[in-house]
Asks: 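Take this structure first; my questions come after.
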Amino acid sequence: MERSIGRSEGRHETAWIGFIAVATDAREIARLGRRDIVIVWRGTVTQCEWLEDVDGTMVQPGDSFMVDESLPSTSSSQQQKQKQQLHDGSHHHLDCEAVGVERGFLTLYTTRNGDAASTHGHLSACKQVRDELKRLMNLYKDEKDSELSITITGHSLGGALALMSAYDITEHSVVEKDVPVSVISFAAPRVGNAAFKARLEQAGVKVLRVVNTNDMVPKVPGILVHEESPLPGSSPSTQALARHDRHYSWSTYVHAGVELRLNNYFSPFLKKNVNMVGSHNLQLYLHLVDGYRSSSMPFVCVSAERHRQIKPFPSQIIGNKQHECSPHTREKIRVCMRFMKRDIALVNKESALLVDDLHVENNWHEKHIPKPSPRLSPLPPKKEPQRNHFNNFMRYLPQSHFEDISHSIFV
């Protein structure tokens, strides 16, 4: 995909941001009852993407989904005019029922780079998604044994682009109406207004938002004015906004879909002093999903009400370093480990979020060392050779729990 480095300078760069995959395994297709097409978006990586993330300006998409690819080559002046309107956010005739989305996300999804060295850079992410979906739909449309479905997922910025692409393919009839479209986002920010949410619901798009209570990203944009804010005029602080009630109601960001709320505080494997960056980590999110059971049991073998009554161990946190767990926490980890399906060592892949008692190397992927096995036993004496062994309770776990995970495209 492509985006501008500077809106006035006209400079561009091209960056990989996702992929599209399709289920081909017969057993998996039989398990799902359909052939699933998956669109995956990564999170923010480049500095330019950070600038678009914090834009915060709401605009009407209008014809921005048709920019460049759909217009004839002779209408370059019209394209530039549409792009300038998108970047300026200027809409003289504001329709309160119109769909509004965050300008930065829309720019990342719809712009292209005509000067890119890569062939894909000449097409916007929007165009690439449409073309590949149409190709796959035509390829498998004649199958009688299985139906088709589309699942879109992403983390952080990827979650926002997942909603944007779901809106695009349903609004512009890229797929048939009887093809179910679902979105599963992790730590995704708000994308659009109430009309945007309503349009997704009318199209039958099912959205599941996975959020961490301590993560700030799902609270933006609209951290001050959002769907849960009081109505204009209900308090003195919002009286001034009532003068611009029409624009206020239209430009209010709202979340779409059903929320699955997690909390890293309930995991006994994680340090209690997780910072803002750590609470947004994708590996942490996947770890919390693995341990989640219900709202009353936010993590396996952990009762929410009982957990609040337990006082923290005095020596658990000293400054920025967590030294040791309480005996109660050690026992809880031993019990929880038996029910975890995902290797907890992955949490420290690019972070230092696991408690020190597990003896999992911090940022082990960046240091190019083999994936360590977690253990609760003390480190062996220096005179003895260092061994990457399991503790007694680990012997009862299936060996497949610690099998190496194949190198994914996210890495």
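Note that the structure is a prediction, hence the values are computed from the model and not measured.
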Asks: If we count only N and O atoms by modelled type, under 3.5 Å, do the side chains of Arg209 and Ser185 hold a donor and an acceptor together?
Replies: no
Asks: Is it true that the side chains of Tyr285 and Asn264 contain a donor and an acceptor less than 3.5 Å apart?
Replies: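 Absent: no donor and acceptor within the cut-off.
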Asks: Heavy atoms only: give me the nearest Thr111-Ser124 pair and the separation to one decimal.
Replies: O-CB, 3.2 Å
Asks: The criterion is side-chain hydrogen bond (donor to acceptor under 3.5 Å, both in side chains); which residues satisfy it with Ser294, sequence neighbours excluded?
Replies: Ser296
Asks: Strictly under 6.0 Å, is that where the ring centroids of Phe299 and Tyr292 end up?
Replies: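 Centroid separation for Phe299 and Tyr292: 6.0 Å or greater.
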Asks: Check this for me: Glu176, atom CD, are more than 12 non-hydrogen atoms of other residues, nucleotides or ligands nearer than 6.0 Å?
Replies: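 Count not over threshold, so no.
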Asks: Go through the side-chain N and O atoms of Asn212 and Ser279 and say whether any donor and acceptor fall under 3.5 Å apart.
Replies: no
Asks: Using side chain to side chain contact (heavy atoms under 4.5 Å, CB included) as the criterion, point out the one residue from Leu288, Asp215, Leu262, Thr153 that pairs with Phe186.
Replies: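 So the option named by the test is Thr153.
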Asks: With a 6.0 Å cut-off (strictly less than), is the heavy-atom count around NZ of Lys177, excluding the residue itself, greater than 12?
Replies: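 No - once you tally the heavy atoms of other residues, nucleotides and ligands closer than 6.0 Å, there are 12 at most.
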Asks: To the nearest 0.5 Å, what is the distance between CD on Glu102 and CG on Leu108?
Replies: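 So the gap between those two atoms works out to 8.5 Å.
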Asks: Between Ala188 and Ala160, what is the shortest heavy-atom contact and its length?
Replies: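 Here Ala188 and Ala160 meet closest at CB-N, 4.1 Å.
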Asks: Taking atom CD as the centre, does Glu132 end up with more than 12 heavy-atom neighbours from other residues, nucleotides or ligands that are less than 6.0 angstrom away?
Replies: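 Enclosed: over 12 neighbouring heavy atoms sit under 6.0 Å from CD of Glu132.
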Asks: Closest approach of Leu200 and Leu163, non-hydrogen atoms and distance?
Replies: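 Answer, listing the atom of Leu200 first, then Leu163: CD1-CD2, 3.8 Å.
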Asks: Mind checking whether Phe196 and Arg199 have side chains closer than 4.5 Å, heavy atoms only?
Replies: no
Asks: Less than 3.5 Å apart, any donor N or O on the side chain of Tyr265 or Asn214 sitting next to an acceptor on the other?
Replies: no
Asks: Apply the test side-chain hydrogen bond (donor to acceptor under 3.5 Å, both in side chains) to residues Tyr253 and Asn193: give CA-CA distance (whole Å), side-chain angles for both, the deciding distance (0.1 Å), then the verdict.
Replies: CA-CA 5 Å; Tyr253 284 98; Asn193 58 5; over 6 Å; no
Asks: Answer whether the closest heavy-atom distance between the side chains of Ile369 and Glu361 falls below 4.5 Å.
Replies: yes
